[in-house]
Amino acid sequence: MTTNSVIQTTSETADQAASANEGSRYRSLLAAARGLVQCDAAALLRLDGDVLRPVAADGLSDETLGRQFPIASHPRFARLLESGRGLRFAHDCGLPDPYDGLVAGQPGILPVHDCMGAPVRLRGAVWGLLTLDALEPGAFETVSPAQLDALVALFETGIEAAQTIKDMEARAMREQAVVQALRSGHGSARELLGSSAAMKQLCSEIDTVAVSDLTVLLLGETGVGKDLVAQRLHAHSRRREQPLVQVNCAALPETLADSELFGHKRGAFTGAMQDRSGKFEIADGGTLFLDEVGELPLTVQAKLLRVLQSGEVQRPGSDRTLKVDVRVIAATNRDLPAAIAQGRFRADLYHRLSVYPLVVPPLRERGRDVVTLAGGFLEENQHRLGARNLRLSPASKAALLAHSWPGNVRELEHVISRASLRAFTEQRRGARWTAIEPHHLALDVAVGISEALSAPPLPSPASAAIPVSDRAGLAAAGGTLREATEAFQRAWLADALARHHGHVANAAREAGIDRSNFHRMLRKLGMRPSASGA
């Protein structure tokens, strides 16, 4: 690994640290663009090899930022990149629109009818795309090429300024970094998605402790993504070019745990036909991730403690000790203090591991992150299945947000994979998108919402005092899907208004819907807020 490669990696880390502020600046530019050109949504996508990744969006749903768009699978984006100065697609263009069903604040999955965009450049090279979309046909007929050029120039200036800030941050990090002789590194860590307060706090804690060599103990329920946190800790550390070695302690038989962690000498036990290096030796100079550390047998816990205290490994069957330089990250979903009280975990090892404890929040505490994560999983399944524009219906989003997610992100990934396959098998030939409905999700809460969809329309917000879960029990069979959907929307809107005493602005804010769109939905469904809340 050359010094230039190390500097490049350091610059990439600086880019990641600045991405949140960068996204905020771009969202401000997109809001200004929507003021200059009347449209329902605007987005900025960065070109990363053969994939476009959304970096900011205004007017698109949360799941958009969790997606990535391979150019080969999205011919409209390919045309825009090839266009030079940009173009506008005819409202009846037969090419699939990547944003069908992703415009925010709509009562259902709606098609985009007017679409225009242009490539944006940074220092002469194509950086990405600016896209503008409208639900009404002909919305962009009056937008001249000169106006589009002016918008592109505005964004190119903003991107240039953002990149200048990034370069300054990268230079500062390079000045602070101690460049050493490095071994070949590993690939980049997978990304932690989410913008909830809980995730922002976690990422801040990760970035604080990552640059140190402190031992970190990751705590959290099964499926929350502790392995991704470990990867980010390693990727942001000074050891990032050294190996990250993972051990699943729960899968280690007691008879083999010694050999797996510490290696062995030939002849140390029956079957030891040759010398073997343990995981501590393999991770020398890098990071060792002990997943499910609470499952280690007590005998192995004692040997692990000695290694952590002395930094020395002694292979079973050998009298010689080996010095190792390893940063340890451990993870568990166990209540270790309770295990200590029951005599199943050593208190001294617990204190040695928990120098810097990090609690990874469960999915149910991450709010609308569930929709962002679902968007990423939908995009993966869309390309895996060859499906056309997998989209969550409003009822499905409500079901995902209402579910308690005992299996956390892992459960969400599996639910989306199953739902994608079910919806794909039902897809109508020639459809512009594939809608994921509650029955595809097959969640308990989704079943309840499906039942609620069949309930008769509620005559007034007064009945909103009945919880949705209770109204589901009043469901009546029959009716078309449109009628059932409108019935659910009436019940859902009535609940929101009741919680906020008829105050539309507060109800719309909680729902993540623009107030004017909230009013439009009420009028469409024949509902009226109280005079005080209008």
Side-chain angles (χ1 to χ4, degrees), residues 23 26-27 29-34 36-61 63-104 110-160 162-163 375 379 382-383 388-391 432-433:
Y26 291 154
R27 283 192 296 274
L29 285 173
L30 290 172
R34 290 184 65 189
L36 294 172
V37 177
Q38 296 300 311
C39 60
D40 293 291
L44 189 64
L45 303 100
R46 177 182 291 143
L47 183 62
D48 184 4
D50 296 327
V51 174
L52 285 164
R53 304 180 188 276
V55 294
D58 190 67
L60 294 175
S61 67
E63 65 172 289
T64 309
L65 294 179
R67 291 175 175 263
Q68 57 184 15
F69 300 95
I71 298 168
S73 301
H74 295 282
R76 290 204 187 205
F77 284 158
R79 290 274 301 277
L80 289 175
L81 287 170
E82 296 166 356
S83 66
R85 292 184 59 187
L87 56 85
R88 173 187 170 229
F89 293 96
H91 72 274
D92 56 354
C93 174
L95 297 177
D97 195 297
Y99 298 140
D100 278 345
L102 293 180
V103 178
L110 299 180
V112 173
H113 285 297
D114 234 24
C115 170
M116 67 186 304
V120 290
R121 292 172 172 80
L122 174 64
R123 299 163 189 167
V126 174
W127 180 92
L129 283 181
L130 168 66
T131 61
L132 306 168
D133 292 272
L135 298 174
E136 294 296 326
F140 298 140
E141 287 181 350
T142 60
V143 179
S144 67
Q147 286 177 295
L148 183 58
D149 288 345
L151 273 180
V152 170
L154 172 67
F155 276 85
E156 289 179 342
T157 301
I159 292 169
E160 175 76 27
Q163 189 62 45
E379 194 70 25
Q382 177 173 303
H383 301 302
R388 195 177 218 192
N389 291 351
L390 285 172
R391 297 292 183 263
R432 288 182 62 167
W433 58 75

Engineer: Please report the interatomic distance OG(Ser73) to CG(Asp50), rounded to the nearest 0.5 Å.
Structural biologist: 10.5 Å
Engineer: List the steps and the verdict of side chain to side chain contact (heavy atoms under 4.5 Å, CB included) for Leu151 and Val143.
Structural biologist: CA-CA 11 Å; Leu151 273 180; Val143 179; over 6 Å; no
Engineer: According to the side-chain hydrogen bond (donor to acceptor under 3.5 Å, both in side chains) rule, which pairs have a member within residues 132-143, sequence neighbours left out?
Structural biologist: none
Engineer: How about Leu44 and Val120: do any of their side-chain heavy atoms sit closer than 4.5 Å?
Structural biologist: yes
Engineer: Looking only at heavy atoms, what is the nearest atom pair of Pro70 and His383, with distance?
Structural biologist: CD-NE2, 3.1 Å
Engineer: Within the structure provided, determine whether Leu45 and Pro54 are in side-chain contact (heavy-atom separation under 4.5 Å).
Structural biologist: yes
Engineer: For Gly84 versus Arg121, what's the shortest heavy-atom pair and its separation?
Structural biologist: O-NH1, 3.3 Å
Engineer: Find out whether the Lys NZ or Arg CZ of Arg79 is both under 6.0 angstrom from the six-membered ring centre of Phe89 and within 45° of the ring's axis.
Structural biologist: no
Engineer: Under 4.5 Å between any side-chain heavy atoms of Leu30 and Leu130, yes or no?
Structural biologist: yes
Engineer: With Glu156, which residues qualify under salt bridge (charged side-chain N to carboxylate O under 4.0 Å, His left out), at least two apart?
Structural biologist: none
Engineer: Can you tell me if His91 has over 12 outside heavy atoms packed within less than 6.0 Å of its NE2?
Structural biologist: no
Engineer: Check whether any side-chain heavy atom of Arg76 lies under 4.5 Å from a side-chain heavy atom of Cys93, and answer yes or no.
Structural biologist: yes
Engineer: Test of understanding: with salt bridge (charged side-chain N to carboxylate O under 4.0 Å, His left out), list the residues that count as partners of Asp48, not counting sequence neighbours.
Structural biologist: Arg53
Engineer: Within a strict 4.5 Å, meaning less than it, do heavy atoms of the Leu148 and Phe140 side chains meet?
Structural biologist: no
Engineer: Around atom CG of Asp92, are there more than 12 heavy atoms from other residues, nucleotides or ligands closer than 6.0 Å?
Structural biologist: yes
Engineer: Of all heavy-atom pairs between Leu122 and Trp127, which one has the smallest distance, and what is that distance?
Structural biologist: CD2-CD1, 3.8 Å
Engineer: At what distance, to the nearest 0.5 angstrom, does CD1 of Ile71 lie from CG of Leu80?
Structural biologist: 11.0 Å
Engineer: Atom CG of Leu390 and atom CD of Glu379: how far apart are they, to the nearest 0.5 Å?
Structural biologist: 8.5 Å
Engineer: Give the minimum heavy-atom separation between Ala41 and Arg34, together with the two atoms involved.
Structural biologist: N-NE, 4.1 Å
Engineer: Please give me the minimum heavy-atom distance between Cys39 and Leu132, naming the atom from each residue.
Structural biologist: SG-CD2, 4.2 Å
Engineer: If you define the side chain from C-beta out and look only at heavy atoms, does anything of Pro111 sit under 4.5 Å from Trp433?
Structural biologist: yes
Engineer: Measure the spacing between CG of Leu129 and CZ of Phe69 and express it to the nearest 0.5 Å.
Structural biologist: 11.0 Å
Engineer: How far apart are the closest heavy atoms of Leu81 and Pro119, and which atoms are they?
Structural biologist: O-CG, 4.2 Å
Engineer: Drop me the distance from Asp100's CG to Asn389's CG, to the nearest 0.5 angstrom.
Structural biologist: 5.5 Å
Engineer: Under a 4.5 Å cut-off applied to non-hydrogen side-chain atoms, are Asp97 and Arg432 in contact?
Structural biologist: yes
